[in-house]
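Working notes for the structure below.
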Amino acid sequence: MHSGVKIPNTYGAELLTWYDRHHRELPWRVSPSAAKAGKFANPYHIWLSEVMLQQTTVQAVKPYFAKFLALWPRVEDLAAAPADDVMAAWAGLGYYARARNLKKCAEAVARDHGGIFPDTEAGLKALPGIGDYTAAAVAAIAFNRQAAVMDGNVERVISRLFAIDGPLPGSKPLMKQKVAELTPADRPGDFAQAMMDLGATICTPKRPACALCPFNSRCLAFANDEPERFPVKAPKKAKPVRVGAAFVAVTPDGEILLRRRIETGLLGGMTEVPTTAWTARFDGGTTPEHAPFPGNWEACGQIVHVFTHFELRLSVYRLQHEKIETEGGGWWEPVTNLEAQALPTVMKKAIVQAIPLAF
DNA sequence: AAGCCGGGGAA
DNA sequence: TTCCCAGGCTT
């Protein structure tokens, strides 16, 4: 020991062997066999998929990825697209700041980089919506850079391999260092994807399939028979409840009143039906007297929607009314055209509560 | 360092 | 129900 001789890192080679046999076909992925035949990953595809995959499951991303590529085949197309179209296409996927930054990033690549993505971690991270993870992932997968890629899956794998007791997120730097030590110079992109596949399919949060894991003989958590103890996380807070009211005004021609939310904050830049403020306590703010204009608003019941940091209970009201100019701005949209709007899920729920056949 | 920011599928 | 997902930005 302590001879100064570097211990050979065989993790990378072992995992790549496993990956070559078990890798999953994904729309943005180049299979190892195709790569061997000379096919390269498309940086635009890799970037687009990685942004969509932030805190989002593969299954949820697939249809959105296909839709975006059909609408905007190249990064220049996305850069030239109307922002409203991008927001409408993203509607339902969540974390809408991602869509705003996606557009800004495409514009920056088209304008400042001639439509070519930077091929280094630092260059990528300087772009909007690209942080530590995405910069490393795109650098490794699209440009074959030896970058340390660490997402939630990799955190789980690493914390179990080395039985890291320190709770997240404080232990993240140590875990990142471990990933950097394990990442091979050969096929770093496949190594990164293999680590994430391992976390998604074998080293799962609950009941991991350790018997099938290529690392089981050198995993400290498995050796101690306590894989589910890792990763250690700080306790999370309870979700408060907020209440409010949503108002669905319908004309005889079948148009409803919509508004655009402010650009920043919750559901920023997305479309909504008029609502009251969402308050922590019931203070009478859920009654029809807070509607965008007076009328005999009919109560349609309540919907519940859970956001990241609070639960929202909206009382929904409906009113048949002639088309009028409203003070708060907004526009009247045919119910038959709602699918083309940038309506987040909570707003679709509210509209369906008032008009069950709206979608 | 901590808070803000969606939505849905799996267990 | 609870968990958490190929996280980033702001304060």
Side-chain angles (χ1 to χ4, degrees), chain A residues 23-24 26-29 45-65 87 90-102 104-105 124-142 147-157 167-173 176 179 189-201 203-208 228 231 233-240 242 261 263-270 272 278 304-312 342-349:
Chain A
H23 89 279
R24 299 185 289 171
L26 296 173
W28 47 85
R29 180 176 279 183
H45 295 186
I46 299 301
W47 162 74
L48 179 61
S49 69
E50 291 299 344
V51 173
M52 288 182 167
L53 286 162
Q54 290 166 7
Q55 293 291 287
T56 309
T57 55
V58 167
Q59 183 174 343
V61 163
K62 279 182 177 175
Y64 285 87
F65 180 78
M87 300 308 288
W90 195 276
L93 197 54
Y95 284 140
Y96 298 99
R98 290 187 295 172
R100 300 194 295 272
N101 286 329
L102 189 82
K104 291 181 191 168
C105 183
L124 288 160
K125 198 182 169 183
L127 293 165
I130 299 185
D132 286 336
Y133 163 75
T134 305
V138 175
I141 298 170
V149 179
M150 189 171 75
D151 71 332
N153 289 304
V154 179
E155 287 174 1
R156 190 167 53 252
V157 172
L168 286 168
S171 55
K172 221 167 166 177
K176 183 78 172 281
V179 176
D190 282 347
F191 175 81
Q193 296 180 89
M195 286 287 280
M196 294 189 279
D197 278 12
L198 190 64
T201 63
C203 196
T204 51
K206 304 293 181 187
R207 298 177 58 84
E228 289 189 27
K233 295 191 173 181
K236 48 191 58 145
K237 297 184 172 183
K239 269 181 192 176
R242 294 186 197 173
R261 294 176 62 87
E263 291 301 311
T264 57
L266 187 69
L267 308 178
M270 301 295 286
E272 67 172 3
W278 304 344
V304 177
H305 188 77
V306 180
F307 290 100
T308 305
H309 54 295
F310 67 92
E311 176 183 316
L312 177 64
L343 288 164
T345 299
V346 62
M347 294 302 159
K348 287 188 175 182
K349 282 186 189 176

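Chain naming here is simple, since letters A, B, ... match the order of the sequence lines and numbering starts at 1 in each.
- Here A:Asp197 pairs with A:Arg29 in a salt bridge; the nearest charged N to carboxylate O distance falls below 4.0 Å.
- Note on A:Lys172: nothing from the nucleic acid sits closer than 4.0 angstrom, heavy atoms only.
- Taking the nucleotide of DNA chain C with the nearest heavy atom to each of A:Pro128 and A:Glu50, the more 5' of the two is matched to A:Glu50.
- Counting any heavy atom pair closer than 4.0 Å across all strands shown, A:Arg29 reaches a base atom.
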note = With B for base contact, S for sugar-phosphate-only contact and - for none (protein heavy atoms under 4.0 Å), nucleotides 5-11 of chain B reads BBBS-S-
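- If you walk DNA chain C from 5' to 3' and mark each nucleotide with an atom closer than 4.0 Å to a heavy atom of chain A, the marks span C:dC4 to C:dC9.
- Across all strands shown, A:Trp28 has heavy atoms under 4.0 Å from base atoms, whether or not it also approaches the sugar-phosphate.
- Shown here are the salt bridge (charged side-chain N to carboxylate O under 4.0 Å, His left out) partners of A:Arg98, two or more places apart in sequence or in another chain: there are none.
- Taking the P atoms as reference points, B:dG6 lies 16 Å from C:dT11, given to the whole Å.
- Base engagement by A:Leu26 is indicated by at least one non-hydrogen atom pair under 4.0 Å involving a base atom.
- Side-chain contact between A:Val346 and A:Leu312 is present, with heavy atoms from C-beta onward closer than 4.5 Å.
- Residues passing the side-chain hydrogen bond (donor to acceptor under 3.5 Å, both in side chains) test with A:Glu228: none are found, sequence neighbours excluded.
- With sequence neighbours left out, A:Arg261 forms a salt bridge (charged side-chain N to carboxylate O under 4.0 Å, His left out) with A:Glu272.
- In this structure, A:Glu311 does not pair ionically with A:Arg242, as no charged nitrogen and carboxylate oxygen lie closer than 4.0 Å.
- Using cut-offs of 30° and 60° for the angle between ring planes, the A:Phe65 and A:His45 rings count as perpendicular.
- In terms of position on DNA chain C, the residue among A:Met196 and A:Asn101 whose nearest nucleotide sits closer to the 5' end is A:Met196.
- Spacing between C:dA6 and B:dA10 at atom P, rounded to whole Å, works out to 12 Å.
- A:Lys172 NZ: 12 or fewer foreign heavy atoms inside a 6.0 Å radius.
- Across all strands, A:Asp197 comes closer than 4.0 Å to base atoms (heavy-atom distances).
- To the nearest angstrom, P of B:dA2 lies 13 Å from CG of A:Leu168.
- Screening residues 128-141 of chain A for salt bridge (Lys or Arg N to Asp or Glu O under 4.0 Å), with sequence neighbours left out, gives A:Lys125-A:Asp132.
- Counting any heavy atom pair closer than 4.0 Å across all strands shown, A:Thr204 reaches no nucleic acid atom.
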